[in-house]
Amino acid sequence: MVSVKRLCAALLLSLALPAQADTPAEIVILGEVHDNPHAHLEQAAALQALRPTAVVFEMLTAEEAAKADVDRSLIAQVWAASGWRHYDIYAPIFDALGNAQIIGAAAPRAAVRRVYREGAAALFGSEAARFGLDQPLPEDQQAARVELQFAAHCEAMPREMMGGMVAVQRYRDASFARAALAALKAYGPPVAVITGNGHARTDWGIPALIAQAAPEVTTHAIGFVEAETEVPFDETRLIPPAERDDPCNALIVN
């Protein structure tokens with residue numbers, strides 16, 4: 001039975017998502033805190049309200065998603081093989097898919113390593129310019145993103161290494177945007193994207209890259225966050241914080 005909380009979330013989403021007309025945005029980006037089960041319950045409720053034609057997952061490669069889509073009894077097995085943990089808290093999302101196609105947009109690890117060394121444009125291919133990967137970021141944005149990566153890595157790695165991390169982030173944002181646009185073309189609207197909040201931000205994440213590559217396509221980005229934030233989304237929803245140890249503790253050398 002669907003809980004009252006999830007039904008309320010679904011109703012709120014149906015009221016909050018109208019774009020320019022009476023229909024939802026063509027691509028809806030649902031951000032998350034990866035290890036927070038509340039985020040995934042909210043995403044599942046959003047999918048039930050949206051009833052998308054396809055759902056793009058940050059966590060699965062195209063091959064993994066295709067395998068899961070063909071035989072949905074293999075989803076948990078495919079998830080485990082992908083390297084992502086905590087399938088149990090992601091399971092409500094898959095339960096809410098309905099007939100939506102499962103699309104994977106994760107880059108293989110080997111590709112990510114090459115992006116770090118060679119840059120995003122070199123690996124992205126002929127559409128690099130379409131998504132702005134052939135151009136450097138503005139200096140202020142590059143600096144801000146380096147600092148975010150430095151903090152995200154617990155300030156345990158040299159700041160000089162963070163430029164490569166920013167390149168990887170740009171590559172991944174562009175990959176998710178491209179996959180969402182391809183799904184929209186193949187299956188029609190609406191398409192949903194399941195991804196981390198950092199990729200859902202409207203200033204330089206997936207929505208910004210879709211706006212650059214296909215400005216005629218409408219998007220709506222929801223950030224499910226544990227605390228008030230200045231990170232821009234079209235809509236921000238607070239969720240209860242997850243209980244967790246400080247991930248930086250593992251990097252402390254006694």
Side-chain angles (χ1 to χ4, degrees), residues 2-3 5-19 23-60 65 68 75 79 84 86-87 89-106 172-173 175-184 187 189-211 217-227 229 231-242:
V2 179
S3 69
K5 177 181 176 182
R6 288 175 66 181
L7 284 172
C8 289
L11 176 60
L12 287 172
L13 186 80
S14 66
L15 295 173
L17 283 184
T23 56
E26 292 169 285
I27 298 176
V28 178
I29 301 99
L30 301 173
E32 65 178 49
V33 179
H34 294 310
D35 66 347
N36 189 314
H38 303 287
H40 305 311
L41 289 174
E42 296 290 344
Q43 289 172 318
L47 292 178
Q48 288 177 329
L50 189 65
R51 292 189 292 180
T53 62
V55 180
V56 177
F57 284 87
E58 168 191 346
M59 304 82 187
L60 301 174
I75 288 174
W79 187 268
W84 278 81
H86 307 306
Y87 174 74
I89 65 174
Y90 279 88
I93 295 173
F94 289 99
D95 291 340
L97 288 181
N99 294 324
Q101 297 288 319
I102 301 174
I103 307 294
R172 297 180 72 207
D173 284 338
S175 296
F176 304 156
R178 179 169 62 182
L181 289 170
L184 180 65
Y187 304 110
V191 168
V193 182
I194 299 293
T195 190
N197 283 324
H199 298 293
R201 57 188 299 159
T202 55
D203 53 353
W204 62 56
I206 298 168
L209 295 183
I210 290 175
V217 173
T218 57
T219 64
H220 188 88
I222 304 176
F224 294 103
V225 301
E226 295 181 334
T229 179
V231 175
F233 304 103
D234 294 307
E235 184 181 347
T236 302
R237 299 195 189 175
L238 283 173
I239 56 174

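Bear in mind that the values here come from a model prediction, so they are computed numbers and not experimental data.
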K.L.:
Provide the closest heavy-atom pair for Ala180 versus Val56 in the form atom of the first, atom of the second, distance.
P.N.:
CA-CG2, 4.0 Å

K.L.:
What closest approach, in Å, do Phe233 and Val225 show between heavy atoms, and which atom pair accounts for it?
P.N.:
CE1-CG1, 4.0 Å

K.L.:
What distance do Leu30 atom CG and Ile222 atom CD1 have between them, rounded to the nearest 0.5 Å?
P.N.:
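Answer for the CG-CD1 pair, Leu30 versus Ile222, is 5.5 Å.
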
K.L.:
Could you grab the distance from atom OG1 of Thr195 to atom CE of Met59, nearest 0.5 Å is fine?
P.N.:
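Atom-to-atom, Thr195:OG1 and Met59:CE are 6.0 Å apart.
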
K.L.:
Do side-chain atoms of His40 reach the backbone of His34 as a donor and acceptor pair under 3.5 angstrom?
P.N.:
yes

K.L.:
Does the side chain of Leu209 reach to within under 4.5 Å of the side chain of Phe176, using non-hydrogen atoms?
P.N.:
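No; the side chains remain at least 4.5 Å from each other.
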
K.L.:
Can you name the closest pair of heavy atoms from Ile206 and Asp173 and give their distance?
P.N.:
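Taking every non-hydrogen atom into account, CG1-O, 4.0 Å.
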
K.L.:
How many angstroms lie between CG in Leu97 and CD1 in Ile194, if you round to the nearest 0.5 Å?
P.N.:
8.0 Å

K.L.:
Ring-plane angle category for Phe94 and Phe57, please: parallel below 30°, perpendicular beyond 60°, tilted otherwise.
P.N.:
parallel

K.L.:
Just how far is it from atom CG of Asn36 to atom CD1 of Ile89, taken to the nearest 0.5 Å?
P.N.:
7.5 Å

K.L.:
Please give me the minimum heavy-atom distance between Val33 and Glu226, naming the atom from each residue.
P.N.:
CG1-OE2, 3.9 Å

K.L.:
Keeping the roles fixed (side chain from Glu58, backbone from Gly196), state whether a donor-acceptor pair exists under 3.5 Å.
P.N.:
yes

K.L.:
Given 3.5 Å as the limit, does a donor-acceptor pair link the side chain of Asp203 with the main chain of Ala208, or not?
P.N.:
no

K.L.:
So, the side chain of Thr53 versus the backbone of Val191: is there a donor-acceptor pair under 3.5 Å, distance only?
P.N.:
no

K.L.:
Would you say the side chain of Val28 lies within less than 4.5 Å of the side chain of Pro52, judging by non-hydrogen atoms?
P.N.:
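With C-beta onward as the side chain, the pair stays apart.
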
K.L.:
To the nearest 0.5 Å, tell me how far Ile93 CD1 sits from Gln43 CD.
P.N.:
4.0 Å

K.L.:
Which heavy-atom pair separates Phe224 from Asn197 by the least distance, and what is that distance?
P.N.:
O-ND2, 2.8 Å

K.L.:
What pair of heavy atoms forms the shortest contact from Pro207 to Ala221, and how long is it?
P.N.:
CG-CB, 3.8 Å

K.L.:
Drop me the distance from Leu181's CG to Ile27's CD1, to the nearest 0.5 angstrom.
P.N.:
4.5 Å

K.L.:
Quick one: does any side-chain atom of Thr202 pair with a main-chain N or O of Pro232 as donor and acceptor, under 3.5 Å?
P.N.:
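Yes; at least one donor-acceptor contact below 3.5 Å.
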
